Colleague: 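Quick one: structure below, then a few questions.
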Amino acid sequence: MIESLIHFFEDIPTAYRSVILIGGIFLFWVMEGVIPLFRFQYNKYHHAGINLLFTLFTAIIGFGFAGVLYYTSHWVTVNEFGLLHLADFPLWAKIIIGVMLLDFIGAYFVHWVEHKVKWMWKFHLIHHTDTTVDVTTGLRHHPGETVFRIGFTIMGVFLVGVPIGIVMLYQSISVLFAHLTHANINMPRKVDRAISYLFVTPNMHKVHHHYMQPLTDTNYGNIFAIWDRIFGTYAEVNDPKEIRYGIDTHMDPEENDRVGNLLKIPFQEYRPPRGKDEKHKREVD
């Protein structure tokens with residue numbers, strides 16, 4: 001059964017990947033209407049239109065790098081290069097190790113770097129400018145940031161030695177978690193917290209979208225929450241509804257709600273954070 005799963009993802013049709021993407025958006029879009037965390041007063045279709053346009057950019061760039069990703073995975077598999085080839089791991093172990101390490105390198109680590117390197121942050125902050133975080137926010141990435149993320153994923157495939165079936169499985173899970181963790185849904189706090197010991201949850205990731213430090217610089221994970229707990233970047237708040245979305249340097253709708261300006265932000269002058277939220281700083285400490 002495990003082998004059949006990997007064989008399926010080795011040659012997964014584009015149509016199936018599209019179903020995962022669109023189906024996930026649709027599912028959580030409906031759930032947002034039934035059990036919303038925040039009742040935003042906004043034009044949801046206009047908001048989705050902006051974020052889905054960035055998704056189109058991501059898809060185009062992804063297709064452009066697909067050959068490099070496939071070649072890298074093929075090369076490490078044929079030449080038995082990478083961590084997965086240091087021992088004779090059973091397939092189930094290769095899947096777990098491969099997915100976890102790709103999540104660490106291609107999601108957590110690159111995300112952490114984007115928050116620490118100013119010129120990379122200027123690309124990533126487009127994701128943080130969204131003041132009404134919902135399921136479509138998970139796909140709001142500047143084309144430049146998409147290049148960073150794909151580049152780190154390819155590096156992860158090379159270092160870990162991940163076969164293409166596991167790479168495609170990882171990417172499918174990653175997309176679903178991007179939908180889940182950004183969705184504007186009200187998950188019971190006890191359930192959310194229990195799951196967050198292993199996996200990133202909606203309430204956990206919403207902390208990362210608070211508009212001010214120090215919470216902006218916490219909870220970098222995408223699939224596995226263990227990376228934040230291991231490296232001391234985990235934080236939580238008592239009430240998720242106290243979180244204010246956005247980024248304090250770009251709270252003006254003329255800047256955060258216009259595609260043209262969002263595309264130009266990385267090439268504008270760097271703006272340092274305006275301040276720190278002392279109330280939430282105490283909660284982190």
Side-chain angles (χ1 to χ4, degrees), residues 1-35 44 47-70 72-73 91-92 94-96 98-108 110-111 127 130 133-141 143 145-147 149-150 152-154 156-157 162-185 187 195 198-202 204-205 221-225:
M1 181 176 177
I2 296 179
E3 290 183 355
S4 298
L5 175 69
I6 296 304
H7 286 319
F8 170 77
F9 278 97
E10 283 177 350
D11 299 302
I12 184 171
T14 301
Y16 280 56
R17 299 185 68 185
S18 299
V19 167
I20 294 173
L21 173 64
I22 299 172
I25 292 175
F26 177 76
L27 172 63
F28 290 111
W29 180 286
V30 172
M31 292 179 65
E32 288 176 341
V34 178
I35 51 171
K44 191 166 184 175
H47 176 259
I50 292 174
N51 292 344
L52 291 177
L53 180 59
F54 281 99
T55 306
L56 177 61
F57 297 151
T58 297
I60 293 172
I61 294 171
F63 279 121
F65 279 90
V68 180
L69 181 66
Y70 272 88
T72 303
S73 181
L91 181 57
W92 64 266
K94 287 184 178 180
I95 294 173
I96 295 174
V99 171
M100 289 188 69
L101 291 182
L102 284 182
D103 181 60
F104 172 68
I105 299 171
Y108 176 88
V110 66
H111 195 177
H127 180 67
D130 200 336
V133 174
D134 66 15
V135 63
T136 66
T137 305
L139 303 169
R140 178 186 175 119
H141 296 284
E145 180 184 8
T146 300
V147 174
R149 299 244 170 179
I150 295 176
F152 272 72
T153 298
I154 292 173
V157 171
V162 187
I164 196 62
I166 297 178
V167 174
M168 293 296 103
L169 173 62
Y170 158 71
Q171 290 193 329
S172 298
I173 297 173
S174 180
V175 168
L176 286 176
F177 266 81
H179 294 333
L180 168 66
T181 57
H182 290 90
N184 180 37
I185 56 176
M187 180 176 286
I195 297 174
L198 181 57
F199 297 107
V200 178
T201 60
M204 176 183 169
H205 190 68
N222 181 41
I223 299 175
F224 295 99

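Keep in mind that this is a model prediction, so the values were computed, not measured.
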Colleague: Could you pull out all residues at least two apart from Asp134 that satisfy salt bridge (Lys or Arg N to Asp or Glu O under 4.0 Å)?
Modeller: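 Asp134 satisfies salt bridge (Lys or Arg N to Asp or Glu O under 4.0 Å) with no other residue.
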
Colleague: What's the separation between atom CG in Leu53 and atom CG in Leu139, rounded to the nearest 0.5 Å?
Modeller: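 Rounded to the nearest 0.5 Å, the CG-CG separation comes out at 12.0 Å.
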
Colleague: Which atoms form the tightest heavy-atom contact between Phe65 and Ile154, and what is the distance?
Modeller: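 Closest pair (atom of Phe65, atom of Ile154, distance): CD2-CD1, 4.3 Å.
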
Colleague: Indicate yes or no: at least one non-hydrogen side-chain atom of Leu69 is less than 4.5 angstrom from one of Met168.
Modeller: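 Side-chain contact under 4.5 Å: yes.
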
Colleague: So, do Thr137 and His47 sit near enough that their side-chain heavy atoms are less than 4.5 Å apart?
Modeller: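 The answer is yes, as the side chains (C-beta and beyond) meet within the 4.5 Å cut-off.
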
Colleague: Rounded to the nearest 0.5 Å, what's the gap from CD1 on Ile35 to CG on Asn184? Could you check?
Modeller: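 Answer rounded to 0.5 Å: 9.5 Å.
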
Colleague: With rounding to the nearest 0.5 angstrom, report the CD1 to OG1 distance, Ile50 to Thr55.
Modeller: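 Going from the CD1 atom of Ile50 to the OG1 atom of Thr55 covers 12.0 Å.
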
Colleague: Would you check if the side chain of Asp103 reaches a backbone N or O of Ile223 as a donor-acceptor pair within less than 3.5 Å?
Modeller: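 Such a contact is found between Asp103 side chain and Ile223 backbone.
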
Colleague: For the CG atom of Leu102 and the CD atom of Gln171, what is their distance to the nearest 0.5 Å?
Modeller: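 The CG atom of Leu102 sits 8.5 Å away from the CD atom of Gln171.
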
Colleague: Do Tyr108 and Phe224 make a side-chain contact, defined as non-hydrogen atoms from C-beta onward lying under 4.5 Å apart?
Modeller: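 The answer is no; the side chains never approach within 4.5 Å.
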
Colleague: Would you say the side-chain atoms of Ser73 pair up with the backbone N or O of Ile164, donor to acceptor, closer than 3.5 Å?
Modeller: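 Present.
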
Colleague: Can you name the closest pair of heavy atoms from Ile2 and Trp92 and give their distance?
Modeller: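 Of all heavy-atom pairs spanning Ile2 and Trp92, the closest is CD1-CB, 3.8 Å.
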
Colleague: Which residues pass the ring-ring contact (aromatic ring centres under 6.0 Å, His included) test with Phe8, not counting sequence neighbours?
Modeller: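 Per chain and number, Phe8 pairs via ring-ring contact (aromatic ring centres under 6.0 Å, His included) with Tyr16.
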
Colleague: Taking Ser174 for the side chain and Tyr170 for the main chain, is one N or O donor matched with an acceptor at less than 3.5 Å?
Modeller: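 Not confirmed, Ser174 side chain does not pair with Tyr170 backbone.
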
Colleague: To the nearest 0.5 Å, how far apart are CG in Asn51 and NE2 in His141?
Modeller: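 Going from the CG atom of Asn51 to the NE2 atom of His141 covers 9.5 Å.
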
Colleague: Can you give me the closest heavy-atom contact between Asp130 and Val133, atom names plus distance?
Modeller: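 Here Asp130 and Val133 meet closest at O-CG2, 3.8 Å.
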
Colleague: Are side-chain heavy atoms of Leu180 and Val200 found at a separation under 4.5 Å?
Modeller: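 Not in contact.
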
Colleague: Can you name the ring-ring contact (aromatic ring centres under 6.0 Å, His included) partners of Phe9, sequence neighbours left out?
Modeller: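 None.
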
Colleague: Do Leu21 and His179 have side-chain heavy atoms sitting under 4.5 Å apart?
Modeller: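 Of all side-chain heavy-atom pairs linking His179 with Leu21, at least one is under 4.5 Å.
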
Colleague: So, the side chain of Thr153 versus the backbone of Arg149: is there a donor-acceptor pair under 3.5 Å, distance only?
Modeller: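 Yes; at least one donor-acceptor contact below 3.5 Å.
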
Colleague: So, does His127 use its side chain to make a donor-acceptor pair with the main chain of Arg140 at under 3.5 Å?
Modeller: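 At least one qualifying donor-acceptor pair exists.
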
Colleague: Go through the steps for Val68 and Ile150 under the test side chain to side chain contact (heavy atoms under 4.5 Å, CB included), then give the verdict.
Modeller: CA-CA 10 Å; Val68 180; Ile150 295 176; over 6 Å; no

Colleague: Can you name the nearest heavy-atom pair linking Glu32 to Ala183, along with the distance?
Modeller: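 Of all heavy-atom pairs spanning Glu32 and Ala183, the closest is OE2-CA, 3.4 Å.
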
Colleague: Taking the side chain as every heavy atom from C-beta outward, state whether His182 and Val135 have any pair of such atoms under 4.5 Å apart.
Modeller: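 No, too far: nothing below the 4.5 Å cut-off.
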
Colleague: What is the minimum heavy-atom distance between Asn222 and Thr181, and which atoms define it?
Modeller: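 Smallest heavy-atom distance, with atoms named: O-CG2, 4.3 Å.
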
Colleague: Hey, what do you get for CD1 (Ile20) to CD1 (Ile25), rounding to the nearest 0.5 Å?
Modeller: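 Rounded to the nearest 0.5 Å, the CD1-CD1 separation comes out at 12.0 Å.
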
Colleague: Can you tell if the side chain of Thr136 reaches within under 4.5 Å of the side chain of Trp29, non-hydrogen atoms only?
Modeller: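 In short, these two side chains touch, coming nearer than 4.5 Å.
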
